[in-house]
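Shown next, in structure tokens, is the structure this report addresses.
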Amino acid sequence: MESEQTLTRENELKSDAPLDERREQIKNAALKVFAKRGIEGTKMSMIAAEAGISQGLSYRYFSSKEEIFTLLVQEAIDEAQSAIRNIPNLPGSPREQFKSFTEKMLEDNHKYYFMLLQQAQTSEEVPMQVKQLLKQYQAEETISLFEPIFIKGQQIGEFCEGDPHKLLFLYFSVITGLMLQDIPNARGSWLQEVDILMKILTK
């Protein structure tokens with residue numbers, strides 16, 4: 001216990017850390033806690049512990065867990081939409097673009113953001129502002145954005161035949177399952193998972 005308190009004091013003594021840097025430290029800690037516990041199961045004390053600071057210090061930067069949760073949901077939506085919009089700009093064929101996108105989405109930060117959105121969508125106690133934000137994030141609309149690339153892949157023989165919407169729904173369902181697995185992320189180990197996943201879509 002004493003060593004943990006010493007570590008906390010050492011973290012807090014870094015008073016020369018810029019305001020934005022400290023806020024990011026707290027947000028990154030909160031993202032991990034919210035992703036696993038949801039807003040109901042999270043307390044400010046848990047976020048502070050994950051960040052390695054005292055609960056009192058965390059309140060200097062955020063007034064409540066609801067404030068942090070709302071901010072993180074907004075960032076998660078922005079991150080997801082940015083990644084989706086960038087797919088046509090990825091190098092290679094449709095298959096290579098899908099593979100690159102999948103690898104990126106399975107990286108730690110993206111995984112936690114996705115888990116956060118899952119928590120936000122299934123919780124009944126999220127702030128009203130979060131409910132409004134979630135209206136911008138619809139899985140069906142996301143799938144429709146992928147369809148032109150997938151259809152192009154079908155036309156050149158890279159992807160299997162079938163209803164693009166149904167196949168993409170299956171694809172994203174599997175990605176969701178991978179993201180929700182609490183497995184330490186090593187990029188090399190995920191590559192095998194991605195290759196297996198791509199077999200769902202390819203011939």
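The basis for the numbers below is simple: all heavy atoms, side chains too, and nothing from hydrogens, waters or symmetry mates.
Aromatic ring centres of Phe150 and Tyr171: separated by at least 6.0 Å.
The structure places CZ of Arg60 at 9.0 Å from CZ of Arg22, a figure rounded to the nearest 0.5 Å. To the nearest 0.5 angstrom, Leu71 atom CG is 9.5 Å from Gln129 atom CD. From Glu67, atom CD reaches atom CG of Leu72 across 10.5 Å, with rounding to the nearest 0.5 Å. Taking CG of Asp20 as the start and CD of Gln25 as the end, the distance is 13.0 Å to the nearest 0.5 Å. Lys32 contributes atom NZ, which lies 13.0 Å from atom CD1 of Ile47 (distance to the nearest 0.5 angstrom). A distance of 12.0 Å separates CD in Glu79 from CD1 in Ile77, rounded to the nearest 0.5 Å.
Under the 4.5 Å side-chain criterion, counting only non-hydrogen atoms from C-beta, Lys27 is not in contact with Tyr61. Contact annotation: the side chain of Phe98 approaches that of Leu168 to within less than 4.5 Å [non-hydrogen atoms, C-beta and beyond]. Leu167 is not listed as a side-chain neighbour of Pro164, based on a closest heavy-atom distance of 4.5 Å or more. Leu134 is listed as a side-chain neighbour of Leu117, based on a closest heavy-atom distance under 4.5 Å. At a threshold of 4.5 Å between non-hydrogen side-chain atoms, the residues Arg37 and Met46 count as touching.
The minimum heavy-atom distance linking Arg85 with Asn89 is given by the pair O-ND2, 4.3 Å. Residues Met44 and Ser58 approach most closely at CE-OG, 3.6 Å, considering heavy atoms. Of all heavy-atom pairs spanning Val73 and Leu116, the tightest one is N-CD2, 3.7 Å.
Between the side chains of Gln119 and Ser123, no donor-acceptor pair is found at a separation under 3.5 Å.
Environment of CD in Glu50: crowded, with over 12 heavy atoms of neighbouring residues, nucleotides or ligands closer than 6.0 Å.
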Return all side-chain donor-acceptor pairs below 3.5 angstrom for residues 152-161, not counting sequence neighbours, or 'none' if the list is empty.
unit_1	atom_1	unit_2	atom_2	d
Gln154	NE2	Cys160	O	2.9
Gln154	NE2	Gly162	O	3.1
Glu158	OE1	Ser93	OG	3.2
Glu158	OE1	Arg95	N	2.8
Glu158	OE2	Ser93	OG	2.6

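The side-chain hydrogen bond (donor to acceptor under 3.5 Å, both in side chains) check on Glu147 picks up His165, with sequence neighbours excluded. Considering only residues two or more places apart in sequence or on other chains, Thr42 meets the side-chain hydrogen bond (donor to acceptor under 3.5 Å, both in side chains) condition with none of them. For Ser45, there are no side-chain hydrogen bond (donor to acceptor under 3.5 Å, both in side chains) partners, not counting sequence neighbours. Residues that satisfy the ring pair (Phe, Tyr, Trp, His ring centres under 6.0 Å) test with Phe101, not counting sequence neighbours, are Phe146.
Ion pairing between Lys99 and Glu96 fails under the 4.0 Å rule for side-chain N and carboxylate O.
Within the structure, ring-ring contact (aromatic ring centres under 6.0 Å, His included) contacts touching residues 28-59 (residues at least two apart or in different chains) are Phe34-Phe69.
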Asp78 vs Gln74, test: side chain to side chain contact (heavy atoms under 4.5 Å, CB included). Steps then yes/no.
CA-CA 6 Å; Asp78 291 343; Gln74 177 66 74; 3.0 Å; yes
Check against side chain to side chain contact (heavy atoms under 4.5 Å, CB included), Glu24 and Glu21
CA-CA 5 Å; Glu24 286 301 310; Glu21 183 178 318; 5.8 Å; no
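Cluster annotation: Ile151 and Phe169 are assigned to distinct hydrophobic clusters (Ile/Leu/Val/Met/Phe/Trp/Tyr, side-chain heavy-atom contacts under 4.5 Å, transitive). Criterion: ILVMFWY side-chain heavy atoms under 4.5 Å apart, direct or through other members. Under it, Val174 and Ile149 are part of a common hydrophobic cluster.
Distance alone, capped at 3.5 Å, places no donor-acceptor pair between the Ser100 side chain and the Gln97 backbone.
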